[in-house]
Amino acid sequence: MKPTLPKGTRDLGPDQVDRRQHIFGVIREAFVRRGYRPLETPAMESLDTLTGKYGEEGDQLLFKILNNGDYLAKADPAALESRDSALLTRSIAKRGLRYDLTVPFARYVAMNQHLLSFPFKRYQIQPVWRADRPQKGRYQEFFQCDADVIGSSSLMYEAELIRVYDEVFHALGIPVEIRINHRRLLQGLARICRLESHWQTLTTAMDKADKIGWDGVQAELIRHGLPAELVDRAIRLLQSSPSGARDADLAADPDGAAGLSELAEIRTYLGSAPLHNRLVDDLTLARGLSYYTGAILEVKATEVAMGSLGGGGRYADLTGLFGLPGMSGVGISFGADRIYDVMEEQRLFPASALHRLQVLVLCLDAEGHAESYRLTESLRASGIIADLYPEAAKLQKMMKYADSIGAGHVLIIGEEERASGLYTLRHMAEGIQQKLDLKGIIHALTAPTNC
RNA sequence: GUGGUUAUAGCUCAGUUGGUUAGAGCGUCGGAUUGUGGUUCCGAAGGUCGUCGGUUCGAGCCCGAUUAGCCACCCCA
């Protein structure tokens with residue numbers, strides 16, 4: 001048979017895994033240093049846990065897992081007869097693959113509330129699955145790196161998580177723009193323009209402003225049947241200067257005022273130290289409105305056309321659906337696969353991300369093989385990534401192998417070297433070699449420039 | 001879920017209005033070179049042209065379906 005990968009999935013080779021681990025490492029470090037603790041949850045969740053949490057669209061994108069056994073015999077006869085897939089699903093699939101990390105986290109918190117102390121800060125780096133149509137930067141299986149803090153409504157945490165975004169993308173070398181908005185600003189906007197009843201339509205349309213332009217937004221809103229004069233008013237307000245008329249208008253509305261004051265407080269926390277990246281107030285940002293209740297965050301690369309690299313926000317009551325009401329939380333997510341793609345495109349991965357062989361030992365004759373093996377073990381014991389070519393072969397062949405696997409050095413051991421105790425260490429990239437004893441080799445390979 | 005587009009050697013791609021035995025570059029393997037890779041030269045292997053069906057005397061090329069990639073919607077990381 002011809003081997004294939006399922007749609008929207010991919011293999012990662014050794015260099016790719018090394019590079020992804022580098023990304024995870026930078027993110028994890030930023031989380032850990034702020035007291036976030038790791039959490040892992042199962043790839044599959046009960047379908048009851050997942051459905052209804054991501055809106056109607058989200059439910060369609062859930063991967064369902066067929067029940068084991070004779071599932072059709074136990075299927076709902078009415079649903080089977082009517083060929084109603086949505087109805088049938090309930091009787092033939094009781095589990096699904098997780099769609100994000102936030103809902104499993106909420107489930108975990110609700111189930112383990114007696115064990116947890118609040119505020120509880122956790123991070124989670126695991127794959128999630130969505131039955132979406134694949135595209136550039138969009139996969140059916142992809143990794144998310146989430147950090148959430150639950151059980152406190154302090155805006156300190158919004159600032160903390162913005163700082164994490166800033167720090168991580170700076171450390172990875174990706175220039176980004178961090179956008180921030182507030183749900184209550186959007187509510188205020190809608191009320192001021194008397195478009196409360198069209199809130200959803202208004203926000204999803206204006207979110208596309210940078211893509212389809214303001215004319216496009218206006219056209220879309222009018223197509224949806226919103227009164228033209230109110231649409232004009234909304235767009236004028238959105239385009240007006242934040243420091244001038246816009247915020248004055250918003251401040252006149254109770255929700256708008258609350259949103260403005262929260263954003264100002266977050267900025268006060270951030271004022272203690274400058275950010276590497278721009279933090280932009282963006283009134284058009286309207287993501288995750290089915291669950292975010294406070295601040296809304298999004299990160300976009302400024303130098304590459306790629307969807308968002310991360311998103312987050314405040315949710316007033318995440319665990320309420322699981323029987324634990326009144327728990328306010330705030331969280332962010334990194335899209336590891338998109339970050340990877342951006343870094344690949346921009347060649348941002350440092351050589352140190354790759355854990356390739358530092359030295360490959362080449363023994364020229366069978367007699368010296370055992371001694372070469374012991375020497376290789378000594379190098380490994382000194383923390384050097386080392387391996388021994390498994391048999392005495394033509395030097396040319398062994399050199400080609402060393403070159404193709406990207407070994408930093410080769411150590412050549414022949415009769416002459418064994419007699420003198422001075423081995424030939426060759427630096428592959430530079431093509432220079434020197435004769436050194438074991439101590440000298442270890443020194444050369446553990447010096448900072450050769451790591 | 002909707003629309004567009006692509007699929008030929010391991011990779012990137014050529015392949016004439018449908019016509020005999022489908023090509024190139026790169027890569028791979030062997031040799032030139034029995035203690036020196038990445039550069040050079042010589043040689044070789046490698047294809048049911050994504051899959052299934054149809055039209056035709058004849059299909060890599062035309063038609064239909066299907067699978068996968070890419071792009072744009074929708075939504076999202």
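By convention in this document, chain letters (A, B, ...) are assigned in the order of the sequence lines, proteins followed by strands, and residues within each chain are numbered from 1.
Checked against side chain to side chain contact (heavy atoms under 4.5 Å, CB included), A:Lys53 has the following partners two or more places apart in sequence or in another chain: A:Val103, A:Leu321, A:Phe322. Listed by chain and residue number, nothing satisfies the salt bridge (charged side-chain N to carboxylate O under 4.0 Å, His left out) test with A:Arg163 (two or more places apart in sequence, or in another chain). In this structure, the side chain to side chain contact (heavy atoms under 4.5 Å, CB included) partners of A:Glu262, at least two apart in sequence or on a different chain, are A:Leu155, A:His182. Residues satisfying the side chain to side chain contact (heavy atoms under 4.5 Å, CB included) test with A:Tyr71, not counting sequence neighbours, are A:Leu66, A:Asn67, A:Ile92. Under the side-chain hydrogen bond (donor to acceptor under 3.5 Å, both in side chains) criterion, A:Tyr269 pairs with no residue, sequence neighbours left out. Take A:Asp281 and apply the salt bridge (charged side-chain N to carboxylate O under 4.0 Å, His left out) test, not counting sequence neighbours, and it matches A:Arg267. Checked against side chain to side chain contact (heavy atoms under 4.5 Å, CB included), A:Leu438 has the following partners two or more places apart in sequence or in another chain: A:Leu375, A:Ser378, A:Leu379, A:Ile442. In terms of the side-chain hydrogen bond (donor to acceptor under 3.5 Å, both in side chains) criterion, A:Gln187 has no residue partners (sequence neighbours excluded).
Listed by first and then second residue, the side chain to side chain donor-acceptor pair (under 3.5 Å) pairs involving residues 411-425 of chain A are A:Asp365-A:Arg418, A:Glu371-A:Tyr423, A:Glu416-A:Lys435, A:Glu417-A:Thr424 (not counting sequence neighbours).
With A:Tyr292 as the aromatic partner, A:Arg314 does not meet the cation-pi criteria of under 6.0 angstrom to the ring centre and within 45 degrees of the ring axis.
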Footprint string (nucleotides 31-44 of chain B, 5' to 3'): B base within contact, S backbone only, - free, heavy atoms under 4.0 Å = --B-BBBB------
With B for base contact, S for sugar-phosphate-only contact and - for none (protein heavy atoms under 4.0 Å), nucleotides 71-77 of chain B reads SBBBBBB
So what is the 5' to 3' dot-bracket string for RNA chain B, if pairs are Watson-Crick or G-U wobble with both distances under 3.5 Å, crossing pairs use [ ] and | means the partner sits on another strand?
-> (((((((..((((.....[...)))).(((((.......))))).....(((((..]....))))))))))))....
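Comparing the C1' positions of B:C61 and B:G19 gives a spacing of 12 Å, expressed to the nearest Å.
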